[in-house]
Amino acid sequence: MQVYDRPIFFGVVKPNIGLSPDDFAELAYQSWLGGLDIAKDDEMLSDVPWSPLRDRADKAGKARLRAEEITGEKKIYLANVTDEVDQLIHLHDIAVERGANALMINGMTTGLSAIRMLRRHSRAPLVAHFDLMAPLTHISYFGVHAKVMTKLQRMAGFDVIIFPDLALG
C-alpha cells in the first residue's frame, strides 16, 4: 500500500446484513474518501441473495478505483469468499475479476486444507477471520494456544490474520 508514515486504517462496512450492492459500494467509497485504506465485507456476508458477490465486488471494485483516483492513495476492497470448499475458487475468481484486490475467508470453519488449495490458486492477499478462535483458544483446560492457531493459519497460506484479542503472554 506504500504507507510508511501512519497507521493503515481498516474497517468493516456496516450494517453487515441487508445492504444492497449499491449501498455497500457507496458506504465503502465514502469511507475510502474519508481516509479508510481497507474496506471489508463482514465475516457473515459472502455470496448472499440480497447482495450477490458478483454484484457487490463489481460495484465496490469500481468505487475503489474512483476513490484511488481522487485520493491518490492505494485502497483495498477485502471481499469475503467464505463458502463450501468446492465454491472457493469460483468465488475467488468472481471477486478478483470484478475488483476485489484481497480476499477474506473464515479459515477455521472452511478448513486449512481448503486455504492451502486457494493459496495455490490465488495471487491476491488472503486474510483469515478469527472464526472459532474463542472456543479454540480461550476456554480453560481446552483448546490450543493462540500462537499455534495463528501459526497454522500462516502455514496454510494466509497473509494476514484478523485476531482481535490475541493473548500471547
Task: Connected-component partners of Ile70 among ILVMFWY, side-chain separation under 4.5 Å - done: Tyr29, Leu33
Task: Closest heavy-atom pair and its distance - Gln153, Ala128 - done: OE1-CB, 3.1 Å
Open item on the list: Please enumerate all residues that pass side chain to side chain contact (heavy atoms under 4.5 Å, CB included) together with Lys151, with sequence neighbours excluded.
Closed with: Met155
Open item on the list: Restricting to non-hydrogen atoms, name the atom on Ala100 and the atom on Ala79 that form the minimum distance, rounded to 0.1 Å.
Closed with: CB-CB, 3.7 Å
Open item on the list: Run the side chain to side chain contact (heavy atoms under 4.5 Å, CB included) test against Pro52 and tell me which residues pass, sequence neighbours left out.
Closed with: Pro21, Asp47, Asp55
Open item on the list: Rounded at 0.5 Å granularity, tell me how far CD1 in Ile8 sits from CG in Leu36.
Closed with: 11.0 Å
Task: Nearest heavy-atom neighbours spanning Ala39 and Ala28 - done: CB-CB, 4.1 Å
Task: Nearest-0.5 Å distance, CZ of residue Arg123 to NE2 of residue His92 - done: 10.5 Å
- [ ] Treat each ILVMFWY residue as a node, draw an edge where side-chain heavy atoms are under 4.5 Å apart, and state whether Ile161 and Val148 are in one component.
- [x] yes
- [ ] Measure the CD1-CZ distance between Ile94 and Arg56 for me, rounded to the nearest 0.5 Å.
- [x] 11.0 Å
TODO: Keeping the roles fixed (side chain from Ser122, backbone from Leu118), state whether a donor-acceptor pair exists under 3.5 Å.
DONE: no
TODO: Could I get the full list of side chain to side chain contact (heavy atoms under 4.5 Å, CB included) partners for Leu27, not counting sequence neighbours?
DONE: Val13, Leu19
Task: Over all atoms of both residues, closest heavy-atom pair of Thr71 and Lys75 - done: OG1-CE, 3.6 Å
TODO: Say whether, by atom type as modelled, one donor and one acceptor occur between the side chain of Lys40 and the main chain of Asn80 under 3.5 angstrom.
DONE: no
Open item on the list: So, using side-chain hydrogen bond (donor to acceptor under 3.5 Å, both in side chains) as the criterion, who are the partners of Asp83 when residues are at least two apart?
Closed with: none
TODO: Is it possible for you to say whether Met44 and Val127 belong to one hydrophobic cluster, with membership spreading through side-chain heavy-atom contacts below 4.5 Å?
DONE: no
TODO: Please step through side chain to side chain contact (heavy atoms under 4.5 Å, CB included) for the pair Phe158 and Ile115, ending with a clear verdict.
DONE: CA-CA 7 Å; Phe158 279 115; Ile115 302 310; 3.5 Å; yes
TODO: Identify the two heavy atoms, one from Leu53 and one from Ala95, that lie closest to each other, and give their separation to 0.1 Å.
DONE: CD2-CB, 4.1 Å
Tabulate below the donor-acceptor pairs under 3.5 Å that side-chain atoms of residues 103-113 make, not counting sequence neighbours, or state none.
residue	atom	partner	partner atom	Å
Asn106	ND2	Glu43	O	3.1
Thr109	OG1	Asn106	O	3.1
Thr109	OG1	Asp131	OD2	2.8
Thr110	OG1	Asn106	O	2.9

Task: Test: Asp58 and Lys62 ion pair at under 4.0 Å - done: yes
Open item on the list: Under the rule for side-chain hydrogen bond (donor to acceptor under 3.5 Å, both in side chains), what residues qualify as partners of Ser46, not counting sequence neighbours?
Closed with: none
Open item on the list: Just verifying a value: how many Å separate His129 NE2 and Thr82 OG1, rounded to the nearest 0.5 Å?
Closed with: 9.0 Å
Open item on the list: Tell me every residue that passes side-chain hydrogen bond (donor to acceptor under 3.5 Å, both in side chains) with Asp42, counting only those two or more places apart in sequence or in another chain.
Closed with: Lys14, Asn16
Open item on the list: Under 4.5 Å side-chain heavy-atom separation, chaining through any Ile, Leu, Val, Met, Phe, Trp or Tyr, what else clusters with Tyr4? Say none if it is isolated.
Closed with: none
Task: Spacing of CE belonging to Met1 relative to CG belonging to Asp37, to within rounding of 0.5 Å - done: 4.0 Å
Open item on the list: Per the salt bridge (Lys or Arg N to Asp or Glu O under 4.0 Å) rule, what does the pair list look like for residues 16-33, sequence neighbours excluded?
Closed with: Asp22-Lys59
Task: Partners passing ring-ring contact (aromatic ring centres under 6.0 Å, His included) against Phe24 (at least two apart in sequence or in another chain) - done: Tyr77
TODO: Taking the side chain as every heavy atom from C-beta outward, state whether Phe10 and Ile76 have any pair of such atoms under 4.5 Å apart.
DONE: no
- [ ] Return the minimal non-hydrogen interatomic distance between Ala25 and Ala63, and the atom names on each side.
- [x] O-CB, 3.8 Å
Task: Val160 reachable from Val12 in the ILVMFWY side-chain graph, under 4.5 Å edges - done: no
Task: Gap separating the CH2 atom of Trp32 from the CD atom of Glu73, nearest 0.5 angstrom - done: 13.0 Å
Open item on the list: List the residues meeting side-chain hydrogen bond (donor to acceptor under 3.5 Å, both in side chains) with Arg119, not counting sequence neighbours, and say none if there are none.
Closed with: Asp159
